[in-house]
Amino acid sequence: MPQDIYDKVMMLAKRRGFIYPSFEIYGGVAGFYDYGPLGSQLKNNVENLWRRFYLLKDNCIEINTPTITIYDVLEASGHVEEFTDLTVDCKKCKRSYKVEDIIDEDISVEQAVKKDEIKCPTCGKKLSDAHPVNLMFSTTIGIGEGRKAFLRPETAQGIFTNFHLLYRHNREKLPFGVIQVGKGYRNEISPRQGTLRQREFAMAEAEIFFDPNDKTHPNFNSIKEKELYLFDNDKEFKLTVQKAVDKKVINNQALAYYMYLTQDFLLTAGVDPKKFRFRKHASDELAHYATECWDVELFSERFGWIECVGIADRSAYDLSSHIDSSSTDMYAQRKFDEPKIINTKKIAAKMHVLGPLFKDKAGKVKDLLEKMDVKDATKISITLDGKTVDVPNKCYEIVETKEKLTGEKFVPHVIEPSCGIDRVLYFLLEHNYSDAKKKGEEYRILKLTSQMAPIKAGVFPLINDKKLVDIAKKIDNNLRNAGIATYYDDGGTIGRRYARMDEIGTPFCITVDHDTLKDNTVTVRERDTTKQERKDQDLLVEFLKDKTFF
RNA sequence: GCGGGUGUGGUGUAGCCUGGUAUCACAUAAGCUUGCCAAGUUUAUGACUCGGGUUCAAAUCCCGGCUCCCGCACCA
């Protein structure tokens with residue numbers, strides 16, 4: 001069977017310790033993967049590069065919240081509501097029904113569907129097999145009945161539920177961004193496509209909170225002339241960030257800014273620019289919380305264009321929901337340039353008159369009076385215990401007050417770049433995989449960027465001579481102590497050792513040879529060119545830090 | 001979840017129909033040899049997806065689970 005690039009990449013990934021199928025000794029289970037030694041390092045590098053963009057470049061703050069999330073939070077966020085129970089679909093009219101809505105409780109669902117006992121209520125055609133649709137993993141907290149909870153389907157809710165604390169932490173200034181990097185869980189019905197669709201996966205999410213009246217971004221000017229790679233469901237095209245906003249291709253500066261930041265991140269990480277594009281969600285494919293969403297799609301030779309990052313404008317959806325459900329004050333304050341003085345006229349009850357007149361009803365009358373509009377104050381009649389009663393003028397007066405308003409409350413809007421780390425990681429492997437024939441044999445190189453590569457340098461003695469071995473081991477040790485990941489190898493021929501390093505993407509190889517004994521230099525071989533250069537071994541730390549650190 | 005296909009050392013495979021000690025290559029480890037791009041050589045390690053059944057005997061035949069692949073559905 002001919003192997004496509006997916007097979008080749010996954011074989012390499014398994015053989016060299018990037019990705020293993022989880023629980024393999026028990027037969028494995030779809031949708032779960034382990035990261036091996038090199039995969040874990042690569043994942044760290046991807047996550048840390050992402051952090052560098054959001055935490056440092058964009059000055060966000062980072063938090064960590066539990067992966068187990070109580071029912072209330074996900075109910076408020078709409079995740080519980082969206083899907084429950086089994087559903088059946090009608091292939092004719094494309095409607096979906098909850099099974100419990102259309103069949104008797106006594107028969108099993110499968111039987112009912114198989115025996116054609118249930119038909120589509122709308123068009124009468126046969127229904128598809130029942131399938132479950134709530135994709136959240138559920139669990140309980142505590143023993144016994146416990147408290148209902150889910151494994152989080154996104155990290156975002158942990159940020160939203162802390163908004164009021166984080167807003168204060170940021171000294172009540174907008175905009176500001178909060179990131180979280182961690183695991184998310186979705187109980188996919190039938191995960192395929194390898195690590196591209198997992199049931200437990202790593203995600204890096206940023207929630208940036210904006211004043212809805214001001215969706216500009218402070219760094220916008222620095223990137224406005226950069227080009228975005230866009231796709232309008234018809235053709236691909238490039239547009240500068242500025243033009244995309246001006247032409248309303250992208251709704252606002254903030255969204256456009258984070259699109260560019262994401263593009264910059266992915267291309268820096270080593271995604272092939274020719275296999276990168278932003279695609280805008282059509283209105284009918286938007287998630288329940290989003291008003292506008294752009295996906296980064298990366299191209300896989302086997303799977304086609306795959307969503308890897310979603311950049312959504314979630315508007316005020318989540319914070320509003322949590323304000324309603326939890327009664328927590330999660331509003332932000334917008335200060336007016338100048339305080340607004342508002343003259344108001346109010347009806348003020350004169351209790352010393354009302355009291356004797358209405359006795360025990362006086363309190364009720366007062367409440368009613370003060371709720372009334374001043375315009376109606378010439379002649380007032382109220383409804384008291386079903387009877388209409390006139391209230392004499394002497395019972396109240398019109399009072400003028402001046403209120404000074406320095407600002408107003410509002411619910412911030414959220415821009416959310418949400419990055420699927422595992423997908424990005426897979427694409428780094430696929431986009432950077434190259435195999436060529438070398439003397440008739442397949443020769444594989446993983447052309448990871450120096451910053452992403454799990455191992456920065458291989459360190460070898462040219463031959464297995466103790467004098468050279470000792471120096472090589474010392475160099476290896478020095479580099480690792482300087483924070484540079486290395487791999488020492490003295491097995492097999494030098495060519496074989498280079499090949500082993502090329503296959504896992506190691507950008508540099510350092511070889512100690514006989515000349516090292518004379519002049520303290522070593523050869524530094526570059527992966528992609530295979531060119532060698534002699535360098536003084538004391539300069540290696542500086543050289544490698546310069547080439548491989550973020 | 002439905003239908004079809006599939007599964008043999010780390011990787012790729014032969015053997016399965018016709019039941020009887022599992023083939024070959026690469027990789028890995030140790031030694032010799034060589035000394036800047038997977039050379040040679042000797043030796044070693046290592047496999048029948050899992051569970052049942054039939055049989056004196058199962059990689060092989062039968063049943064079921066799981067993985068992966070293809071189609072449908074699903075992917076908020």
Side-chain angles (χ1 to χ4, degrees), chain A residues 1-4 6-8 10-17 20-32 74 77-84 86-91 94 96 109-110 113-114 127-136 153-154 184 186-194 196-199 201 281 284-290 293 302 306-307 310 312 420 437-445 458 460-465 468 490-503 509-515 522-527 529-532 534:
Chain A
M1 194 178 75
Q3 295 162 347
D4 68 5
Y6 173 82
D7 291 322
K8 290 177 180 178
M10 290 308 280
M11 273 167 53
L12 173 83
K14 188 176 173 192
R15 189 159 42 82
R16 298 307 310 268
Y20 308 132
S22 297
F23 318 118
E24 202 182 19
I25 61 166
Y26 290 103
V29 55
F32 293 94
L74 292 160
S77 70
H79 287 87
V80 174
E81 176 68 20
E82 288 295 312
F83 294 107
T84 48
L86 290 168
T87 37
V88 285
D89 300 325
C90 174
K91 287 182 180 170
K94 301 282 178 202
S96 290
V109 175
E110 279 179 27
V113 174
K114 280 209 177 104
L127 291 167
S128 71
D129 291 308
H131 49 273
V133 282
N134 195 325
L135 295 182
M136 289 193 290
E154 57 175 10
R186 297 178 193 185
N187 200 357
E188 300 283 358
I189 294 167
S190 141
R192 289 184 190 168
Q193 308 175 330
L196 293 180
R197 204 156 140 222
Q198 298 187 57
R199 287 178 164 134
F201 52 95
H281 275 209
D284 62 353
E285 63 178 314
L286 287 169
H288 64 275
Y289 47 71
C293 184
R302 176 184 285 199
I306 297 289
E307 172 196 351
K437 295 272 184 219
K438 200 166 178 177
K439 291 183 188 164
E441 200 180 352
E442 215 157 79
Y443 195 92
R444 288 172 289 272
I445 306 177
F460 319 136
L462 180 61
I463 57 164
N464 224 332
D465 175 329
L468 302 186
D490 57 19
T493 63
I494 192 77
R496 178 174 295 258
R497 287 178 255 160
Y498 286 146
R500 279 197 277 250
M501 288 295 106
D502 287 345
E503 195 178 36
C509 289
I510 291 156
T511 304
V512 174
D513 58 19
H514 297 290
D515 290 341
V522 294
T523 64
V524 177
R525 173 218 187 235
E526 206 195 336
R527 179 192 65 206
T529 60
T530 74
K531 291 221 172 84
Q532 294 183 41
R534 292 206 77 87

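Excluded from the calculations below are hydrogen atoms, water molecules and symmetry mates; all remaining heavy atoms, backbone and side chain alike, are included. Chain letters run A, B, ... following the sequence lines, proteins first and then strands; every chain starts at 1.
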_Counting distance alone, no hydrogens or angles: does the base of C37(B) have a donor or acceptor under 3.5 Å from a partner atom on the side chain of Arg527(A)?_
no

*Pairing of Glu503(A) and Arg444(A) as salt bridge, 4.0 angstrom limit*: yes

*Which nucleotide in the list G71(B), G12(B), A39(B) gets nearest to the side chain of Arg192(A)?*
G71(B)

*For Arg16(A), answer base if it contacts any base atom (sugar-phosphate contacts may also be present), sugar-phosphate if it contacts only those atoms, and nothing otherwise; contact means non-hydrogen atoms under 4.0 Å.*
nothing

*Give me the one residue out of Arg16(A), Arg497(A), Arg527(A), Arg525(A) that meets salt bridge (Lys or Arg N to Asp or Glu O under 4.0 Å) with Asp502(A).*
Arg525(A)

*Could you state the CG-P distance from Leu196(A) to C69(B), rounded to the nearest angstrom?*
10 Å

*Across all strands shown, which nucleotide pairs with G1(B) by Watson-Crick or G-U wobble geometry, both distances under 3.5 Å?*
C72(B)

*Report yes if a donor N or O on one partner sits less than 3.5 Å from an acceptor N or O on the other, where the partners are the side chain of Glu188(A) and the base of C75(B); otherwise report no.*
no

*So Tyr289(A) and Ser77(A), side chain to side chain contact (heavy atoms under 4.5 Å, CB included) or not? Walk me through it.*
CA-CA 8 Å; Tyr289(A) 47 71; Ser77(A) 70; over 6 Å; no

*For C32(B), which nucleotide is its Watson-Crick or G-U wobble mate, given both distances must be under 3.5 Å?*
G40(B)

*Determine the Euclidean distance between corresponding C1' atoms of A27(B) and A47(B); express it in Å to zero decimal places.*
15 Å

_Between G64(B) and U54(B), how many Å separate the two C1' atoms, rounded to a whole number?_
15 Å

_Atom C1', compared across A44(B) and C69(B): separation rounded to whole Å_ = 36 Å

_Considering every strand and a 4.0 Å limit on heavy-atom distances, what is the contact class for Asp502(A): base, sugar-phosphate, or nothing?_
nothing

_Nearest-Å distance for atom pair CG/P, residues Asp465(A) and C32(B)_ = 13 Å

_Distance between P atoms of C48(B) and G65(B) (Å, rounded)_ = 23 Å

*For Glu307(A), report the nucleic acid contact type (base, sugar-phosphate, nothing); a contact means any heavy atom under 4.0 Å.*
nothing

*Starting at the 5' end of RNA chain B, which residue's closest nucleotide do you reach first, Val29(A) or Lys531(A)?*
Lys531(A)

_Under a 3.5 Å threshold, yes or no: a donor from one side chain and an acceptor from the other, between Thr511(A) and Tyr498(A)?_
yes

*Base paired to U21(B) (Watson-Crick or G-U; both N/O distances under 3.5 angstrom)*: none

*Looking only at side-chain atoms of Tyr498(A), point me to the closest of A76(B), U11(B), C36(B).*
C36(B)

*Counting only distance, no hydrogens or angles, is the base of C50(B) paired donor-acceptor with the side chain of Tyr26(A) under 3.5 Å?*
no

_Categorize Pro191(A) for me: base, sugar-phosphate, or nothing, with a 4.0 angstrom heavy-atom threshold over every strand shown._
nothing

*Integer angstrom distance from the C1' of G12(B) to that of C2(B)*: 33 Å

*With heavy atoms under 4.0 Å as the rule, sort Arg525(A) into base, sugar-phosphate or nothing.*
base

*What nucleotide among U34(B), A76(B), A27(B) has an atom nearest to a side-chain atom of Arg496(A)?*
A27(B)

_C1' spacing across the pair A76(B) / A38(B), given as an integer number of angstrom_ = 48 Å

*Can a side chain N or O of Arg444(A) be found less than 4.0 Å away from OP1 or OP2 on A38(B)?*
no

_Both Glu526(A) and Arg186(A) contact RNA chain B. Which one's nearest nucleotide lies toward the 5' end?_
Glu526(A)

